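Down below is the structure, laid out as structure tokens.
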There are 2 protein chains.
Amino acid sequence: MHKSVPNNSLKTACSTCNLRKLCLPVNLSNIEMARLDDLITRKGVYRHGSILYRSGDKFQALYAIRTGFFKTQILNEDGREQVTGFQMAGEIIGMDGISSDTHTCDAVALEDCEICEIPFNRLEDLGRELPPLQRHLHRILSREIVRDQNIMLLLGSMRAEERLAAFLLNLSQRFAVRGYSPTSFQLRMTRQEIGSYLGLKLETVSRALSHLQENKLINVRNRSLEILCLPGLQACIGKRAR
Amino acid sequence: MHKSVPNNSLKTACSTCNLRKLCLPVNLSNIEMARLDDLITRKGVYRHGSILYRSGDKFQALYAIRTGFFKTQILNEDGREQVTGFQMAGEIIGMDGISSDTHTCDAVALEDCEICEIPFNRLEDLGRELPPLQRHLHRILSREIVRDQNIMLLLGSMRAEERLAAFLLNLSQRFAVRGYSPTSFQLRMTRQEIGSYLGLKLETVSRALSHLQENKLINVRNRSLEILCLPGLQACIGKRAR
DNA sequence: CGAGGCCTTGAGTGTCCTCAAGTCGCGTGG
DNA sequence: CCACGCGACTTGAGGACACTCAAGGCCTCG
């Protein structure tokens with residue numbers, strides 16, 4: 001069975017946060033770790049639907065998600081909206097704000113969430129003292145760039161069903177990394193939100209899900225999703241380039 | 001008239017590079033500037049079609065484009081290809097490589113280009129000594145994230161003609177910043193490459209260009225493009241959400 | 001002057017969107 | 001406890017937009 005909590009027993013603020021993940025590939029001594037912990041403050045619980053930051057807000061901190069699920073979205077002048085990502089426990093959000101000291105997207109809780117705040121100025125300061133931390137920050141920023149470019153590939157070149165398969169496989173993998181089942185999980189977002197993320201309409205998402213189910217690749221009922229055949233889903237991608 | 005070279009007379013390696021742009025918002029003393037210059041080495045000329053780095057190459061440096069035009073593209077397992085960006089003089093490329101010490105896309109010269117190389121380890125080292133430089137690097141990384149997310153919005157929610165209008169306006173603005181004409185310029189890329197970037201087929205790009213021309217918003221003949229009505233192009237975007 | 005790449009344009013098709021109707025599930029209040 | 005209402009979801013029918021395939025013209029460069 002999969003355990004419901006990935007880490008066994010870590011005590012500091014940073015560690016009990018999934019922030020240990022943030023720090024994991026970094027070789028920091030306990031003392032250095034403590035200094036990092038020192039930066040980080042736990043903000044309270046964000047209830048389902050509440051907003052961590054909005055486009056236009058002054059940028060001051062990165063946020064590490066301890067528990068729960070977020071979405072980030074951009075809003076156009078003309079009211080168009082695009083979900084740019086779904087973030088889960090152990091991931092960092094807010095990096096869009098660094099470039100102009102102003103957030104450029106909204107971050108909305110998709111369920112009740114616990115959040116850690118990392119003041120960015122102080123993180124930069126500490127980064128200057130701890131090169132591995134500095135390097136790690138750069139990696140995180142770069143990883144976000146690579147992630148976004150892969151979504152561009154998805155949006156630019158895949159058909160509806162491929163996009164959905166890629167999306168489900170991505171979720172599956174991220175759950176697996178966290179010690180949850182990679183084949184059975186709850187979708188935290190609406191069809192509409194999935195559609196916005198994948199550049200599709202909600203009806204198309206619904207139809208594609210139904211179609212994958214007809215093909216016995218998944219079972220889906222409301223928000224609960226079961227992947228019946230991971231290789232089959234992978235094979236969906238690239239069946240026929242667009 | 002617009003001058004053909006934006007900067008008037010700056011002497012150091014870094015400054016003659018459009019790297020002054022990299023450093024512009026940073027308050028660095030001359031001595032500090034010189035240290036930054038010291039990092040940077042001019043690599044020779046990259047001829048049209050030559051490759052600066054490939055997906056899979058070891059990441060060692062960022063590159064500043066002194067002159068010329070690049071494209072970056074990802075290639076899927078199944079041979080699918082997506083142009084992720086067009087970069088012009090004064091812009092920095094290679095940031096995709098930081099996250100895994102390996103480049104994740106190809107960078108290809110679209111015309112003869114001059115390049116400056118900035119070894120990343122040394123840039124990080126210097127960043128620890130010069131906080132404004134560190135901050136600037138973070139801004140550049142974040143700006144790339146914001147840029148990518150705006151392309152996601154484009155790919156996810158705009159129709160063909162809107163995408164093309166947005167693309168042309170983006171080019172226009174970047175030329176303007178560099179002191180070139182915002183309304184009359186050469187396209188350095190093929191219709192196929194524009195299409196890949198915008199998630200369209202080359203025929204669709206061609207048709208959309210023709211249509212914008214019919215509407216007297218642009219003049220296009222081969223690679224030379226003239227924008228007849230900037231506000232008109234802007235109005236194209238958001239006419240009708242998808 | 002010829003070859004080849006790039007581009008344009010047309011005709012037909014397919015995928016996804018739009019609009020619409022109806023079901024399901026959940027929370028609220030009677 | 002059940003009725004109600006609302007939002008989320010599914011499914012169908014029809015249409016629009018972008019894709020595919022194809023033919024032909026233009027420009028560049030050898």
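These numbers come from a predicted model, not from an experiment. In what follows, chains are A, B, ... by sequence order, proteins preceding strands, each numbered from 1.
- Rounded to an integer number of Å, the gap from B/L164 CG to D/dA18 P is 11 Å.
- Atom pair A/L200:CG and D/dC9:P shows a separation of 15 Å (rounding to whole Å applied).
- One interatomic measurement links the two molecules: CD of A/Q186 to P of C/dG25, which rounds to 14 Å at whole-angstrom precision.
- Counting to the nearest Å, the P atom of C/dT15 and the CZ atom of A/R163 are 14 Å from each other.
- Side chains of B/Q82 and A/S157: no donor on one and acceptor on the other come within 3.5 Å.
- For A/E161 and A/R207, the salt-bridge test fails: no basic side-chain N is under 4.0 Å from an acidic carboxylate O.
- If you run ring-ring contact (aromatic ring centres under 6.0 Å, His included) between B/F86 and each of B/F175, B/F70, B/Y197, only B/Y197 comes through.
- Taking the ring centroids of B/Y180 and B/F185, they lie at or beyond the 6.0 Å cut-off.
- Regarding A/E161, its CD atom lies at a distance of 17 Å from the P atom of C/dG14, rounded to whole Å.
- One can place CD of A/E214 at 12 Å from P of D/dT10, the figure rounded to the nearest angstrom.
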Report the C-alpha distance between B/N219 and B/Q213 in whole Å, list the side-chain angles of each, state the deciding distance to 0.1 Å, and finish with yes or no for side-chain hydrogen bond (donor to acceptor under 3.5 Å, both in side chains). CA-CA 6 Å; B/N219 256 330; B/Q213 188 164 28; 3.1 Å; yes
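- Summary for the helix from C/dC1-D/dG30 to C/dG30-D/dC1: the axes at its two ends, each from 5 pairs, differ by 40° when rounded to the nearest 10 degrees.
- Atom C1' of nucleotide D/dT20 and atom CZ of A/R159 are separated by 11 Å, given to the nearest angstrom.
- The ring-ring contact (aromatic ring centres under 6.0 Å, His included) check on A/F69 picks up nothing, with sequence neighbours excluded.
- One finds no salt bridge joining B/R147 and B/E91 here, because no Lys/Arg side-chain nitrogen approaches an Asp/Glu carboxylate oxygen to under 4.0 Å.
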Each nucleotide of nucleotides 4-9 of chain C classed B (base within 4.0 Å of a protein heavy atom), S (only sugar-phosphate) or -, in 5' to 3' order, makes --SSBB
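- A donor-acceptor contact closer than 3.5 angstrom is absent between the side chains of A/Q73 and A/T84.
- Whole-Å rounding puts the A/K201 NZ to D/dA16 C1' distance at 14 Å.
- When all heavy atoms of A/M189 and A/L110 are compared, the pair lying nearest together is CB-CD1, 3.9 Å.
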